[in-house]
Amino acid sequence: MATKSTQQKSQSPFQSLWKAYNEGTSDRLKFVDSFLLFLMLSGIVQFVYCVLVTNYPFNAFLAGFSSTVGQFVLTASLRSQVNPDNQNEFKEVSPERAFADFALGSIVLHFFVYNFLG
């Protein structure tokens, strides 16, 4: 029978990273991370479709892809502001204020994307 320390040493780095992520990350941040993963996969699918199938109409591709990238950047900013480990860097920003900034930035981003479509 293997000891506990031997079992920990035999874990792959990915397994130990996944275990630390599940144990040390709040559900709120996991939800934001899942949205970031969705945005990343959505951008990849749009780019692959543009390369393999067609890029007509090109404005639609640019609008969709820039919307995905912009939303990813806004969501990553939200994650860094609401992460409890970063409270020292964002002392004056409450989680509610960070979400309000995220929502307003998203509205402005999608307004520009809609106008870009023509």
Side-chain angles (χ1 to χ4, degrees):
M1 191 176 235
T3 63
K4 189 173 183 178
S5 63
T6 307
Q7 290 175 349
Q8 288 177 348
K9 288 180 183 178
S10 66
Q11 284 185 341
S12 72
F14 181 74
Q15 288 175 336
S16 62
L17 179 66
W18 183 252
K19 183 179 177 183
Y21 175 78
N22 281 330
E23 292 173 356
T25 307
S26 68
D27 290 338
R28 180 182 293 181
L29 289 179
K30 287 178 186 177
F31 183 70
V32 173
D33 289 342
S34 64
F35 186 56
L36 285 169
L37 180 66
F38 166 75
L39 288 170
M40 185 177 65
L41 293 176
S42 176
I44 290 170
V45 167
Q46 288 178 29
F47 185 76
V48 168
Y49 180 83
C50 177
V51 169
L52 295 180
V53 179
T54 183
N55 64 355
Y56 179 80
F58 194 62
N59 279 0
F61 164 71
L62 286 179
F65 191 73
S66 63
S67 173
T68 303
V69 171
Q71 194 65 45
F72 184 88
V73 169
L74 288 171
T75 307
S77 174
L78 174 68
R79 188 194 192 285
S80 69
Q81 290 179 4
V82 299
N83 190 352
D85 295 338
N86 296 339
Q87 282 181 346
N88 293 334
E89 294 181 34
F90 301 104
K91 292 177 184 174
E92 65 277 350
V93 180
S94 67
E96 293 81 12
R97 164 76 190 275
F99 184 76
D101 291 344
F102 168 76
L104 182 64
S106 295
I107 290 170
V108 170
L109 170 71
H110 289 91
F111 174 73
F112 283 115
V113 167
Y114 182 74
N115 283 330
F116 186 74
L117 285 173

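As the structure is a computational prediction, the values presented were derived from the model and not from experiment. Along the sequence shown, residues carry numbers from 1.
Nearest approach of A98 to V82, heavy atoms of both residues: CB-CG1, 4.1 Å. The shortest non-hydrogen separation linking A63 to L117 is CB-CD2, 3.5 Å. Smallest separation of non-hydrogen atoms from F116 and L62: CE2-CB, 3.6 Å. The two residues G43 and F65 make their nearest non-hydrogen contact at O-CE1, 3.5 Å. Looking at every heavy atom in both residues, V113 comes nearest to S67 through CG2-CB, 3.8 Å.
Heavy atoms of other residues, nucleotides or ligands lying less than 6.0 angstrom from CZ of F38 number 12 at most.
Remark: S77 OG to F72 CZ distance equals 12.0 Å, nearest 0.5 Å. Summarising the geometry, atom CG belonging to L37 is positioned 9.0 Å from atom CG belonging to D33; distances are rounded to the nearest 0.5 Å. Once rounded to the nearest 0.5 Å, the distance linking CG of L109 with CG of L104 reads 11.0 Å.
V45 and L52 are not part of a single hydrophobic cluster, where members link through side-chain heavy atoms under 4.5 Å apart. No continuous path of hydrophobic side-chain contacts links I107 to L39 [ILVMFWY only; heavy atoms under 4.5 Å]. Hydrophobic clustering (ILVMFWY, side-chain heavy atoms < 4.5 Å, transitive): F111 and L74 are in distinct clusters.
Here side-chain hydrogen bond (donor to acceptor under 3.5 Å, both in side chains) pairs that include residues 22-32, with residues two or more places apart or in two chains, number zero.
Side chains of P95 and F99 form no contact here, defined as non-hydrogen atoms less than 4.5 Å apart. In this structure, the side chains of F31 and R79 stay at 4.5 Å or more apart for every pair of heavy atoms.
T68 meets the side chain to side chain donor-acceptor pair (under 3.5 Å) test with Q46; sequence neighbours excluded. The side chain to side chain donor-acceptor pair (under 3.5 Å) check on Q81 picks up nothing, with sequence neighbours excluded. Applying the salt bridge (charged side-chain N to carboxylate O under 4.0 Å, His left out) criterion to R97, with sequence neighbours excluded, gives D101. Partners of Y56 by ring-ring contact (aromatic ring centres under 6.0 Å, His included), not counting sequence neighbours: none found.
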Could you pull out every donor-acceptor pair under 3.5 Å between side chains of residues 83-90 and any protein atom, sequence neighbours left out?
{"from": "N83", "atom 1": "OD1", "to": "D85", "atom 2": "N", "distance (Å)": "3.2"}
{"from": "N86", "atom 1": "ND2", "to": "S80", "atom 2": "O", "distance (Å)": "3.0"}

